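Side chains are part of it too, since the values below use all heavy atoms of this structure and drop only hydrogens, waters and symmetry mates. All figures in this text were calculated on a predicted structure; none of them were measured in a lab.
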Amino acid sequence: MKQLIAKRLSLVVFVLFGVTLLTFLLSHVIPGDPAQMMVGQRANEETLREVRHQLGLDQPIWVQYFTYLKGLLAGDFGLSIRTQKPVIDDLLTFFPATFELVFFAFLLALIVGIPIGILSAVRKDTGWDHAGRIFSIAGVSTPVFWSGLVGILLCYKILGILPSGGRLDLNVAAPTKITGLYVLDSILTGNWAALKNSLWHLILPTIVLSYAQLAVISRQVRASMLEVLGQEYIRTALANGISGAVLLFRYALRNALIPTVTVVGLSFGSLLGGAVVTETIFGWPGMGKYVVDSIAFLDFPAIMGFTFIIAVGYVVINLLVDLTYYLLNPQIRQ
Amino acid sequence: MSTALAEASVRRRTVNPFWYKLKKNPLALLGAGILAVILLLSLAAPLLSSYDPTKINIIERFAPPSAKHWFGTDEVGRDIFTRILYGARLSLGVGAAVVLTAGCIGTVIGAISGYVGGRVDQLIMRVMDMVLAFPSLVLAMAVAATLGPNLLNAMLAIAIVKIPVYVRLARAETLAVREKLFVQAAVTFGIPGWRIIGTHILPNVVSPVIIQVSLDIGDAVLAVATLGFLGLGAQPPTPEWGAMISVGWKYFLDYWWYPAFPGLFLFLASCGFNLIGDGVRDILDPKAAR
């Protein structure tokens with residue numbers, strides 16, 4: 001297993017190098033002249049030459065790449081054209097909001113998706129199974145921006161039970177910043193009003209963001225459970241008088257969850273992508289909304305900084321998932 | 001009578017088992033039905049509606065759904081039902097075109113990678129790993145933003161993101177086909193590699209690719225609409241569903257019908273593709289079907 005982990009870690013190094021190469025190509029090579037984009041179409045040739053020199057664009061391409069790489073390693077993603085602040089500072093400001101939303105959506109997808117998958121498998125070909133299946137197909141088919149709009153219309157406009165967006169009501173003060181995660185900070189500082197209000201604001205975006213992934217997870221759990229339940233060791237356990245919850249959770253689910261781990265990792269990546277749309281719909285002040293606002297200004301340093309950070313996060317999550325998979329799977333462990 | 005029965009029995013036996021099973025799958029049939037209805041509606045758009053999808057009529061702006069305007073009108077008085085019907089051609093066509101493009105390019109690259117092997121294979125697969133390191137929507141967004149916000153670039157961006165899946169699939173199939181006797185015989189006869197790939201490898205790896213295409217179209221339709229929603233796809237006044245929702249959601253608290261109906265059609269179309277894809281998976285992957 002050590003060899004496998006070493007091989008996987010070396011792949012991560014390569015993939016991270018690839019991520020930097022791709023973001024470099026997207027930000028420095030394909031768009032034509034980044035200097036022209038920065039100063040606008042009306043700038044004269046002298047100004048352009050000056051900006052090109054400042055940005056190092058008059059250097060050979062490989063020198064530009066290493067300069068870019070050096071900047072990335074130092075956390076320098078450039079200056080945002082829109083906010084005129086370092087992109088890394090902007091991203092750090094908006095990161096906690098995105099993390100909080102994605103974390104709760106991920107948690108909800110697991111908490112609801114796994115039981116639905118188990119129920120569908122155990123009650124195969126019954127009304128429960130059909131309902132679960134339709135629920136999951138609807139989940140992967142629903143555009144996040146549409147479910148967000150329908151959710152706001154229903155829960156805010158018609159029923160008036162949930163807020164339409166933001167992290168807190170205007171009349172509620174944000175908790176003292178420790179981590180930037182409102183729920184956690186509220187608990188740590190004992191600010192119960194902020195805790196209640198921030199949880200209230202999290203409900204709708206979390207449900208909307210998690211729905212598609214919840215569907216993917218429940219589908220995978222159903223397929224894995226059905227496969228495991230058909231295996232001989234389960235029949236042997238049944239013949240030995242083991243049944244009910246013990247058979248289901250101790251014997252079947254533990255093995256069924258192993259292939260689910262991989263899907264869970266991929267789901268996390270999809271949640272990061274989905275967060276871009278969800279944050280836009282709900283006015284959630286996270287990295288996703290920041291990047292969508294930046295798109296309107298063609299703010300490339302911001303777009304590429306976001307893309308890089310998300311890709312690195314995704315690579316790390318996939319690494320952790322694979323390592324968990326190796327640990328959980330006895331065949332690999334041995 | 002007995003001859004007719006025997007003929008019917010022979011005919012039944014000769015029906016392709018794949019299509020036979022697909023026709024027996026109620027959910028796949030439902031999906032096909034949904035898509036057929038949307039396609040028919042879009043083709044019959046000039047007969048079903050007398051409105052021009054792009055003609056501005058300020059007097060009737062934000063008219064609610066009524067007998068005159070079934071799905072209401074938008075901020076410049078255009079009939080939303082008409083725009084949805086014309087938009088169906090674009091949204092569905094674009095989704096299919098993206099997946100077919102990615103499928104064709106990915107299959108050829110995958111077949112070359114698997115057949116040639118060695119350093120070429122290593123290089124191609126590592127480049128694919130690079131692309132797969134990004135969440136697909138995030139990379140598509142970055143590529144589309146870099147190329148410039150329009151429908152063609154959005155299509156290109158999604159195709160680029162989808163190519164690695166087909167490369168991996170075609171490569172895996174090629175590795176198996178490469179070892180078959182007929183390929184070995186072709187090599188012995190001195191047939192050049194490019195011809196072996198074209199005439200012997202590609203026809204044998206294309207089946208799983210077609211299945212993957214059927215599974216991917218729904219996702220591509222959603223992805224194109226999502227880029228449209230983010231302002232990176234079709235630009236107004238093009239009646240593309242995602243672009244319509246992108247403008248409509250700014251008004252939705254007061255005029256709910258504006259983004260709601262294009263979204264509903266987008267959901268139905270995606271559902272149709274996914275139901276068919278699920279049916280195909282059920283037939284071809286007995287594990288998932290159990």
B:Leu132 side, atom CG; A:Tyr314 side, atom OH - distance, nearest 0.5 Å
8.0 Å
Options A:Val144, A:Ile152, A:Asn318, A:Leu271, ranked by heavy-atom pairs under 4.5 Å with chain B, top entry
A:Ile152
Any heavy-atom pair between the side chains of A:Ile137 and B:Cys271 that's under 4.5 Å?
yes
In terms of heavy-atom pairs under 4.5 Å with chain B, which of A:Asp125, A:Val19, A:Val150, A:Val15 leads?
A:Val19
Rounded distance (nearest 0.5 Å) linking atom CG of B:Leu27 with atom CD1 of A:Ile134:
6.0 Å
Top contributor to chain A interface from B:Asp129, B:Val221, B:Leu264, B:Leu268 [non-hydrogen pairs under 4.5 Å]
B:Leu264
Just verifying a value: how many Å separate A:Ser164 OG and B:Leu253 CG, rounded to the nearest 0.5 Å?
6.5 Å
Could you check which of B:Gly231, B:Ala144, B:Ala260, B:Gly218 has the highest count of heavy-atom pairs closer than 4.5 Å to chain A?
B:Ala260
Just do the side chain to side chain contact (heavy atoms under 4.5 Å, CB included) check on A:Leu26 and B:Leu139 with the steps written out, would you?
CA-CA 10 Å; A:Leu26 286 172; B:Leu139 182 60; 4.1 Å; yes
Distance from A:Ile310 atom CD1 to B:Phe134 atom CZ, nearest 0.5 Å?
11.0 Å
What option among B:Asn274, B:Leu232, B:Leu275 has the most heavy-atom pairs under 4.5 Å with chain A?
B:Asn274
At a heavy-atom separation under 4.5 Å, does A:Leu21 approach chain B through its side chain, its backbone, both, or neither?
side chain
Counting heavy-atom pairs under 4.5 angstrom with chain B, the leader among A:Ile281, A:Leu229, A:Val312 is A:Ile281
If every non-hydrogen atom of A:Ala311 is compared with every non-hydrogen atom of B:Pro135, which pair is closest and at what distance?
CA-CD, 4.4 Å
Side chain to side chain contact (heavy atoms under 4.5 Å, CB included) for B:Met141 and A:Phe306? Distances and angles first, verdict last.
CA-CA 11 Å; B:Met141 212 174 72; A:Phe306 169 79; 3.9 Å; yes
Heavy-atom neighbours of A:Tyr156 OH exceed 12 at 6.0 Å:
no
Is it true that, when you exclude A:Arg123 itself, more than 12 heavy atoms of the residues, nucleotides or ligands shown sit nearer than 6.0 Å to its CZ?
no
Separation of A:Trp146 CH2 from B:Phe261 CZ (nearest 0.5 Å)
10.0 Å
For B:Phe229 versus A:Val277, what's the shortest heavy-atom pair and its separation?
CE2-CG1, 3.9 Å
Is chain B contacted by the side chain of A:Ile303, its backbone, both, or neither, given a heavy-atom distance below 4.5 Å?
side chain
Name the option with the most non-hydrogen atom pairs under 4.5 Å to chain B; the candidates are A:Val315, A:Leu22, A:Val292, A:Leu149.
A:Leu149
Applying side chain to side chain contact (heavy atoms under 4.5 Å, CB included) to A:Phe145 and B:Leu266, what does each step give before you reach the verdict?
CA-CA 11 Å; A:Phe145 46 89; B:Leu266 187 57; 3.7 Å; yes
Atom pair CG/OG1 of A:Leu25 and B:Thr146 - distance to nearest 0.5 Å:
10.0 Å
Most chain B-contacting option - heavy-atom pairs closer than 4.5 Å, from A:Gly288, A:Gly274, A:Ala138
A:Ala138
Among B:Phe267, B:Trp256, B:Trp249, single out the residue with the greatest number of heavy-atom pairs under 4.5 Å to chain A.
B:Phe267
If you count heavy-atom pairs under 4.5 Å between each of A:Leu272, A:Val140, A:Leu16 and chain B, which one has the most?
A:Val140
Can you tell me which portion of B:Leu230 sits under 4.5 Å from chain A's heavy atoms? Options are side chain, backbone, both or neither.
both
